[in-house]
Amino acid sequence: MLPVERLQRIRELVQKKKNIKIADLSKEFGVSEMTIHRDLKPLVEEGLVVKTFGGISLAKSAQPKLDHLCTYCYRPIHEKLAYRLILRNNKIEFTCCAHCGLLRQRLLGEEVVHAICYDFFRQTTISAQLTSFVMDTTIDIGCCHPQVLTFEWKEHADKFVKGFGGAVYSFDEAFKVVFEKMKGKN
Ligand SMILES: [Zn+2]
Ligand SMILES: [Zn+2]
């Protein structure tokens, strides 16, 4: 298993179980605890997990709370659509959906160290850089327009588009396109 796959599996596991022992992860993936510690570093840095004695826990701050408002449009946050921005000062901002996430990220520029969003199907977290973005689909997700949906796997995004219309974009493309579309509207 590639380190990047292991990292994604750990992401999923910690979100499901909330607490995991390093020893269990080491056993599960058949790698040393040292390797697991190395794997966990980005997850700690992005604020998804905190280290506990001999293990990790899902960080409380990594869970969008209902009283959070989108830092871009001030709508309430839908947990399933939220887009998380991890800033240089270790602060975490939430936006209501990827639409606002991308626009906010553009506004903050270099301040953003990392951005995280949810897979539309599986509700696992994905690094925004690796996400496939779907726009102009006919499904209404009930948040901001133009809508931006996020998928971990490009093939899921492609299938979704086949069924419900729209187009698939990489992070860099979506980052530009959503801004262009908003500009066009004003
Ligand atoms: Zn918003
Ligand atoms: Zn929104």
Side-chain angles (χ1 to χ4, degrees), residues 8 11-12 15-16 43 45-49 58-186:
Q8 192 52 38
R11 260 183 214 287
E12 290 171 21
Q15 288 180 83
K16 220 188 297 165
L43 300 182
E45 278 167 6
E46 76 191 37
L48 182 71
V49 304
L58 185 63
K60 287 223 167 60
S61 60
Q63 301 298 313
K65 293 180 206 85
L66 291 174
D67 59 352
H68 269 130
L69 293 180
C70 174
T71 52
Y72 191 79
C73 74
Y74 306 107
R75 281 177 196 247
I77 306 275
H78 297 261
E79 190 172 345
K80 305 267 155 83
L81 298 175
Y83 190 98
R84 194 153 23 111
L85 297 156
I86 293 106
L87 310 182
R88 265 186 206 288
N89 55 10
N90 281 327
K91 283 228 172 76
I92 299 182
E93 278 195 4
F94 290 99
T95 63
C96 56
C97 61
H99 162 105
C100 286
L102 290 168
L103 292 170
R104 179 72 182 158
Q105 192 165 352
R106 186 181 182 98
L107 213 63
L108 293 172
E110 299 274 290
E111 281 305 298
V112 180
V113 181
H114 201 86
I116 310 278
C117 49
Y118 283 95
D119 182 79
F120 187 72
F121 283 142
R122 307 189 313 145
Q123 300 308 325
T124 50
T125 56
I126 343 159
S127 172
Q129 285 288 344
L130 305 174
T131 296
S132 293
F133 295 84
V134 168
M135 294 175 73
D136 300 316
T137 180
T138 52
I139 292 262
D140 191 350
I141 59 168
C143 215
C144 309
H145 284 267
Q147 300 187 114
V148 183
L149 277 63
T150 48
F151 294 86
E152 180 179 359
W153 305 112
K154 177 151 191 308
E155 43 184 301
H156 286 176
D158 287 338
K159 278 193 188 141
F160 189 88
V161 162
K162 247 182 217 153
F164 302 108
V168 182
Y169 300 92
S170 70
F171 174 82
D172 290 334
E173 291 165 343
F175 196 68
K176 263 185 241 141
V177 169
V178 74
F179 178 70
E180 294 297 322
K181 281 184 192 282
M182 289 303 282
K183 226 170 44 181
K185 258 172 51 171
N186 296 330

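All ligand and atom numbering here is 1-based and tracks the order in the structure.
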Do Asp158 and Lys154 pass the salt bridge (Lys or Arg N to Asp or Glu O under 4.0 Å) test, and can you show the C-alpha distance, the side-chain angles, and the key distance before you say yes or no?
CA-CA 6 Å; Asp158 287 338; Lys154 177 151 191 308; 3.1 Å; yes

Does this structure show an ion pair linking Glu12 with Arg122, if we count only N-O contacts that are shorter than 4.0 Å?
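A salt bridge links Glu12 with Arg122.
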
Residues in ring pair (Phe, Tyr, Trp, His ring centres under 6.0 Å) contact with Phe179, at least two apart in sequence or another chain
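Once residues adjacent in sequence are excluded, Phe179 has no partner under the ring pair (Phe, Tyr, Trp, His ring centres under 6.0 Å) criterion.
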
What do you reckon, are the aromatic ring centroids of Tyr169 and Phe133 less than 6.0 Å apart?
no

Can you list the residues that meet the salt bridge (Lys or Arg N to Asp or Glu O under 4.0 Å) rule with Lys80, with sequence neighbours excluded?
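In terms of salt bridge (Lys or Arg N to Asp or Glu O under 4.0 Å), with neighbours along the sequence ignored, Lys80 is linked to no residue.
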
Tell me, please, which residues at least two apart from Glu155 pass salt bridge (Lys or Arg N to Asp or Glu O under 4.0 Å).
none

Provide the tally of protein N/O/S atoms nearer than 2.8 Å to the Zn ion (ligand 1).
4

